[in-house]
2 protein chains.
Amino acid sequence: MATLEDVARHAGVSLATASRVLNGSTRQVGAAMRQRVESSAAKLGYRVDAAAQTLARGASNVVGVVIQDLTDPYFAAIADGAIRAADRHGMVVTLGTTYRDPEREIALVATLNAQRARAVLIAGSRVADETVLRRLRAELDVYRAAGGRVAVIGQDVLGTGTVAPLNREGAYDMAVALARLGHRRFATLAGPPNLLTAIDRAEGFASALSDLGLRPPLEVHGAFDRDGGYDAACELLAMRGDVTCVFAVNDVMATGALAAFRENGVHVPHDLSLAGFDDIASLRDLVPSLTTVRLPLARMGSLALDLALADDGVPRRESVGGEVVLRDSVRPVTG
Amino acid sequence: MATLEDVARHAGVSLATASRVLNGSTRQVGAAMRQRVESSAAKLGYRVDAAAQTLARGASNVVGVVIQDLTDPYFAAIADGAIRAADRHGMVVTLGTTYRDPEREIALVATLNAQRARAVLIAGSRVADETVLRRLRAELDVYRAAGGRVAVIGQDVLGTGTVAPLNREGAYDMAVALARLGHRRFATLAGPPNLLTAIDRAEGFASALSDLGLRPPLEVHGAFDRDGGYDAACELLAMRGDVTCVFAVNDVMATGALAAFRENGVHVPHDLSLAGFDDIASLRDLVPSLTTVRLPLARMGSLALDLALADDGVPRRESVGGEVVLRDSVRPVTG
DNA sequence: CTGTTAGCGCGTTCAT
DNA sequence: ATGAACGCGCTAACAG
């Protein structure tokens with residue numbers, strides 16, 4: 001591989017001049033030399049060495065993105081937004097996946113610190129576990145002490161820049177919208193009992209019912225994924241009582257629930273209404289189409305990068321609201 | 001940020017010793033010193049500088065993955081497989097997205113070359129455009145000349161390691177399976193006319209019909225995504241004739257087609273059978289469930305990394321077969 | 001506008 | 001088993 005020095009020699013100029021023309025310095029270089037350097041670089045197939053640049057500059061151009069599962073469209077959409085934003089900044093994304101294991105989250109932050117990533121974005125719900133949280137915080141602290149910028153997409157429990165989806169509020173609004181359609185008796189497919197996102201959404205939903213003077217929802221817990229929704233829905237069917245409307249705390253769970261209901265001969269929305277949360281694009285062609293709370297996932301990813309890069313010590317917090325989207329999976333209660 | 005030298009000084013040992021204990025050298029270090037170094041490193045919050053390591057070693061631990069669109073579950077699944085494999089090798093993935101623009105593909109390879117990525121994996125169909133292909137090949141050549149390893153997932157047109165899905169064969173098998181159900185008159189939602197994957201699948205399908213002595217399928221082109229399938233399906237409806245079964249060259253297009261058919265009152269599979277290709281997991285809950293050709297997407301991603309890392313000059317090629325999965329979106333022709 | 005030179009943090013000979 | 005010293009490729013003063 002040709003080095004800058006090779007190019008400089010080949011062009012008959014100094015190292016510094018070659019550096020100035022090839023790698024964005026603000027300094028000016030005469031047209032003749034610039035020409036010579038450029039053609040030498042082309043001829044030799046010169047490519048900068050980013051590692052050397054990082055070392056010399058003391059700053060890399062990578063941003064780390066930590067998500068839980070790339071095959072979950074929720075995270076894919078967020079990562080996509082982050083990648084596009086990084087792209088606009090001329091930065092490169094190294095993407096890490098935790099497989100929903102908080103330990104891996106910590107390890108990834110360490111790795112990204114080693115890369116001297118300019119920023120680290122962490123997406124995914126925090127777990128209500130103080131000890132693992134403390135260790136993550138510690139790892140983030142050493143990263144930030146070294147000048148690293150951090151933003152999370154989710155709960156603001158790390159003292160970092162935060163893009164906070166209004167989970168509680170969105171679920172609250174959803175409950176109000178569903179009650180307005182005449183529903184009085186609800187169930188919640190509530191996700192894992194220790195996942196903050198799931199908790200917030202379930203609580204927001206319940207609190208709206210309470211404000212409306214309705215009975216608290218039946219709550220069934222389950223994993224935060226498609227199969228969790230399926231299982232929870234099956235469990236619900238065994239004890240449904242007079243429930244007319246089911247709120248799943250995310251679309252992926254709602255998808256599983258839909259399948260479970262169908263397999264058990266329960267027709268949505270005729271026999272039971274169903275709502276989700278997130279508005280995952282690739283799920284828009286489900287039948288019936290899912291009523292949900294739309295979150296601007298890609299924008300959340302790019303916003304997180306902006307927040308992280310703007311981090312000047314006083315972490316900013318940006319809330320993003322969700323909008324209730326009524327589709328075919330719910331119907332008014334008649335009579 | 002603490003450097004190795006800081007740690008060495010703090011532990012009262014030489015730089016070399018500190019390096020040996022902290023960063024996997026094969027050399028042995030006495031237990032006492034090892035202990036001291038480790039506790040100093042912990043106390044100072046030392047984290048290796050990957051850039052410095054890369055420079056000193058002359059090799060990075062990043063692998064580049066180039067895909068077209070992260071929100072397309074096909075690519076997300078492949079990238080997921082690649083990330084898991086990289087993880088097992090202790091490597092880190094920088095993920096680049098082309099937005100289906102071949103120019104971006106070239107730029108990304110250059111960027112990854114700059115990172116001195118140990119391997120570059122490129123997923124996504126080649127386009128039948130010689131000039132852009134030549135330029136991509138040229139960029140890959142300078143990367144490979146510098147010792148970079150490359151593997152593509154798709155057509156073997158770059159002279160690199162290749163994970164080749166058996167598109168032609170899978171589509172052929174699908175046609176045979178559908179004909180066995182009694183279908184005699186087919187249409188193909190064929191994707192863009194210059195996309196090799198789309199071409200191979202459409203041709204494989206047609207060639208089976210020909211072998212079976214059936215009429216060639218009606219062909220309608222469209223973008224390789226959900227909306228392309230939707231549009232193509234609409235077009236097809238205007239000229240359908242006696243077609244009883246539609247083959248979309250991928251599941252995402254089939255999803256769009258399903259929506260188009262439904263909106264136009266055409267019931268699948270009652271009025272029309274529909275098949276796709278890929279077996280995207282997140283689409284398995286569509287109703288009716290999609291008949292498709294299953295591809296082991298995650299494995300293709302990890303296989304690509306293996307191929308790339310094994311690259312010793314003579315690029316290997318690994319074909320991966322697809323398996324026809326019959327589901328509810330097709331039904332036998334009765335009478 | 002151009003050239004010289006001193007590091008950036010670490011791996012790795014080569015001595016000891 | 002341990003340490004001293006050089007070099008990886010590049011940027012950024014500084015000098016001219």
Side-chain angles (χ1 to χ4, degrees), chain A residues 1-38 40-41 44-62 111 113-118 142 146-148, chain B residues 1-38 40-41 44-62 111 113-118 142 146-148:
Chain A
M1 177 100 265
T3 72
L4 229 206
E5 191 172 348
D6 297 335
V7 174
R9 184 175 16 245
H10 184 278
V13 303
S14 75
L15 226 193
T17 299
S19 170
R20 295 197 264 255
V21 1
L22 293 176
N23 308 319
S25 163
T26 53
R27 305 280 292 263
Q28 292 302 308
V29 171
M33 295 208 146
R34 145 161 278 118
Q35 192 47 251
R36 288 224 306 281
V37 171
E38 276 166 352
S40 292
L44 298 178
Y46 170 77
R47 295 293 178 277
V48 238
D49 184 324
Q53 246 176 346
T54 296
L55 194 57
R57 294 213 244 251
S60 80
N61 72 332
V62 345
T111 300
N113 190 347
Q115 315 280 339
R116 297 300 185 264
R118 280 260 281 278
V142 352
Chain B
M1 177 99 265
T3 72
L4 230 206
E5 190 172 349
D6 297 336
V7 174
R9 188 180 8 251
H10 185 276
V13 303
S14 76
L15 224 191
T17 299
S19 170
R20 295 197 263 256
V21 0
L22 293 176
N23 308 319
S25 163
T26 54
R27 304 280 294 264
Q28 290 303 308
V29 171
M33 296 209 142
R34 146 160 278 119
Q35 191 47 250
R36 288 225 305 279
V37 172
E38 275 167 352
S40 293
L44 298 179
Y46 170 76
R47 296 290 179 278
V48 237
D49 183 323
Q53 247 176 349
T54 296
L55 194 56
R57 291 212 246 253
S60 79
N61 72 331
V62 344
T111 300
N113 190 347
Q115 314 280 336
R116 297 299 185 266
R118 280 260 281 279
V142 353

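Quick caveat: nothing in here was measured; it's all calculated off a predicted structure. Chain letters run A, B, ... following the sequence lines, proteins first, then strands; residues in each count from 1. Note that these values count all heavy atoms, side chains included, but never hydrogens, waters or copies made by symmetry.
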Only pairs under 3.5 Å count here: list side-chain donor-acceptor contacts from residues 48-56 of chain A, not counting sequence neighbours, and write none if there are none.
{"unit_1": "Asp49(A)", "atom_1": "OD1", "unit_2": "Ala51(A)", "atom_2": "N", "d": "2.9"}
{"unit_1": "Asp49(A)", "atom_1": "OD1", "unit_2": "Ala52(A)", "atom_2": "N", "d": "3.1"}
{"unit_1": "Thr54(A)", "atom_1": "OG1", "unit_2": "Ala50(A)", "atom_2": "O", "d": "2.9"}

Open item on the list: Under a 3.5 Å distance rule, please check whether Ser19(A) uses its side chain to pair with a backbone N or O of Leu15(A) as donor and acceptor.
Closed with: no
Open item on the list: Arg47(A): which residues meet the salt bridge (Lys or Arg N to Asp or Glu O under 4.0 Å) condition with it, sequence neighbours left out?
Closed with: Glu139(B)
Task: Counterpart residues, side chain to side chain donor-acceptor pair (under 3.5 Å), relative to Thr17(B) (two or more places apart) - done: Ser14(B)
- [ ] With sequence neighbours excluded, tell me which residues meet side chain to side chain donor-acceptor pair (under 3.5 Å) with Thr111(A).
- [x] none
Expressed in angstrom and rounded to an integer, what is the separation of [X] atom [atom1] from [N] atom [atom2]?
| X | N | atom1 | atom2 | value |
| --- | --- | --- | --- | --- |
| Asp49(A) | dC10(C) | CG | C1' | 14 Å |
| Tyr46(B) | dG9(C) | OH | C1' | 8 Å |
| Glu5(A) | dC10(D) | CD | C1' | 10 Å |
| Met1(B) | dC10(C) | CE | P | 9 Å |
| Arg9(A) | dT2(C) | CZ | C1' | 18 Å |
| Asp6(A) | dC10(D) | CG | C1' | 13 Å |
| Leu55(A) | dC8(D) | CG | C1' | 9 Å |
| Arg47(B) | dC10(C) | CZ | P | 12 Å |

Are any of [X]'s side-chain N or O atoms less than 4.0 Å away from OP1 or OP2 of [N]?
| X | N | answer |
| --- | --- | --- |
| Ser19(B) | dC10(C) | no |
| Asn23(A) | dC10(D) | no |
| Gln53(A) | dT11(D) | yes |

Kindly indicate whether the side chain of [X], heavy atoms from C-beta on, has any atom under 4.5 Å from the side chain of [Y].
| X | Y | result |
| --- | --- | --- |
| Val37(A) | Arg34(A) | no |
| Asn113(A) | Met1(B) | yes |
| Arg118(A) | Ser60(A) | yes |

Collect all protein-nucleotide pairs involving nucleotides 4-6 of chain D in which both atoms are nitrogen or oxygen and the distance is under 3.5 Å.
none

- [ ] Report which part of the nucleic acid Gly30(A) touches: base, sugar-phosphate, or nothing (heavy-atom distance under 4.0 Å, all strands).
- [x] sugar-phosphate
TODO: For the side chain of Thr17(A), starting at C-beta, report the closest nucleotide among dT2(C), dG3(D), dG9(D).
DONE: dT2(C)
Open item on the list: Assuming nearest nucleotide by heavy-atom distance, tell me which of Val13(A) and Ala52(B) is located more 5' along DNA chain C.
Closed with: Val13(A)
Task: Net bend of the helix from dC1(C)-dG16(D) to dT16(C)-dA1(D), end axes of five pairs each, nearest 10 degrees - done: 30°
Task: Nearest heavy atoms of Val21(B) and Glu38(B), plus distance in Å - done: CG2-CG, 4.1 Å
